[in-house]
Amino acid sequence: MTIDTLWQMLIDHQNETFYTMKKLPFCYQVKGGEIFVDRRSKSITKATFEQALNKLNTNPGKITGPKSLNVFGAPYVWAILKTFSVV
C-alpha cells in the first residue's frame, strides 16, 4: 500500500470510531497532512504514517504491535492500520 492510498482511506473514514488494542475508542479528523485524534492533544502527521508503512515493508513479520512501530501515536496508527488490514 502506498502512503497516498492510505491517506485517502484516512480521509474517507474520518469521524468513524476505531479501537486501540486496549479497546479504547477514538475518532479522528484529517486536516491537511495531519490527523487529529480526539483522545490526544497533538496531531499525527502523514509522515508518521509513511514511516510506519516503511517499517512494515522493510521488516515483514517483525512488527507485531504498536510498540514495535516505534512512531509517535503508535497505538492510534496501529489501530488504523489494523482496521484497514495493512497489518
Side-chain angles (χ1 to χ4, degrees):
M1 174 173 295
T2 68
I3 186 60
D4 292 327
T5 302
L6 175 61
W7 202 253
Q8 187 58 52
M9 290 173 76
L10 285 165
I11 291 168
D12 294 342
H13 293 277
Q14 60 187 326
N15 297 315
E16 292 180 12
T17 302
F18 292 81
Y19 295 90
T20 65
M21 285 185 70
K22 294 183 178 181
K23 306 292 184 226
L24 298 171
F26 70 94
C27 297
Y28 66 83
Q29 289 188 324
V30 178
K31 295 180 183 174
E34 302 174 282
I35 70 163
F36 291 84
V37 176
D38 63 355
R39 299 184 68 91
R40 288 192 78 82
S41 59
K42 293 186 176 181
S43 66
I44 303 171
T45 64
K46 185 175 182 178
T48 300
F49 279 93
E50 188 169 23
Q51 185 179 13
L53 282 177
N54 287 338
K55 286 182 180 189
L56 288 166
N57 290 331
T58 58
N59 300 299
K62 293 185 180 180
I63 308 296
T64 57
K67 285 187 179 183
S68 55
L69 274 178
N70 196 27
V71 296
F72 178 78
Y76 305 104
V77 173
W78 181 264
I80 291 167
L81 293 177
K82 191 152 181 74
T83 301
F84 295 160
S85 300
V86 177
V87 292

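When reading the values below, keep in mind they use all heavy atoms of this one structure, side chains included, and skip hydrogens, waters and symmetry mates. In this text the structure is predicted, and so the values were computed from the model without any measurement.
Taking F26 as the reference, F18, Y76 meet the ring pair (Phe, Tyr, Trp, His ring centres under 6.0 Å) condition, with sequence neighbours excluded. Applying the side-chain hydrogen bond (donor to acceptor under 3.5 Å, both in side chains) rule to Q8 yields the partners D12; only residues at least two apart in sequence or on another chain are considered. Under the rule for a side-chain hydrogen bond (donor to acceptor under 3.5 Å, both in side chains), the partners of T5 that lie at least two apart in sequence or sit in another chain are T2.
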Under 3.5 Å, which donor-acceptor pairs link side chains of residues 65-74 to any protein atom two or more places apart or in another chain?
from, atom 1, to, atom 2, distance (Å)
S68, OG, T64, N, 3.0
S68, OG, G65, N, 3.1
S68, OG, G65, O, 2.8

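Contact detail for Y19 and P25: the closest heavy-atom pair is CE2-CB, 3.6 Å. For the pair M1 and L6, the tightest heavy-atom approach, listed with the atom from each and the gap, is SD-CB, 3.7 Å.
By the criterion of side-chain heavy atoms lying less than 4.5 angstrom apart, applied directly or through intervening Ile, Leu, Val, Met, Phe, Trp or Tyr residues, W7 is not grouped with F36; the two fall into different hydrophobic clusters. Both F84 and V87 belong to a single network of hydrophobic side chains, linked directly or stepwise wherever heavy atoms of I, L, V, M, F, W or Y lie under 4.5 Å apart.
A 6.0 Å sphere centred on CE of M21 holds no more than 12 heavy atoms belonging to other residues, nucleotides or ligands.
Here the options are V37, I44, I35, T20, the test is side chain to side chain contact (heavy atoms under 4.5 Å, CB included), and the partner is I80; only I35 passes.
Annotation: the span from S85 atom OG to M9 atom CE amounts to 7.5 Å, rounded to 0.5 Å. Interatomic distance, F49 CZ to L81 CG, rounded to the nearest 0.5 Å: 6.5 Å.
Here side chain to side chain donor-acceptor pair (under 3.5 Å) pairs that include residues 32-49, with residues two or more places apart or in two chains, are D4-K46, E34-S43, T45-T48. Every pair tested for side chain to side chain donor-acceptor pair (under 3.5 Å) that includes a residue from residues 49-63 fails, sequence neighbours excluded, so the list is empty.
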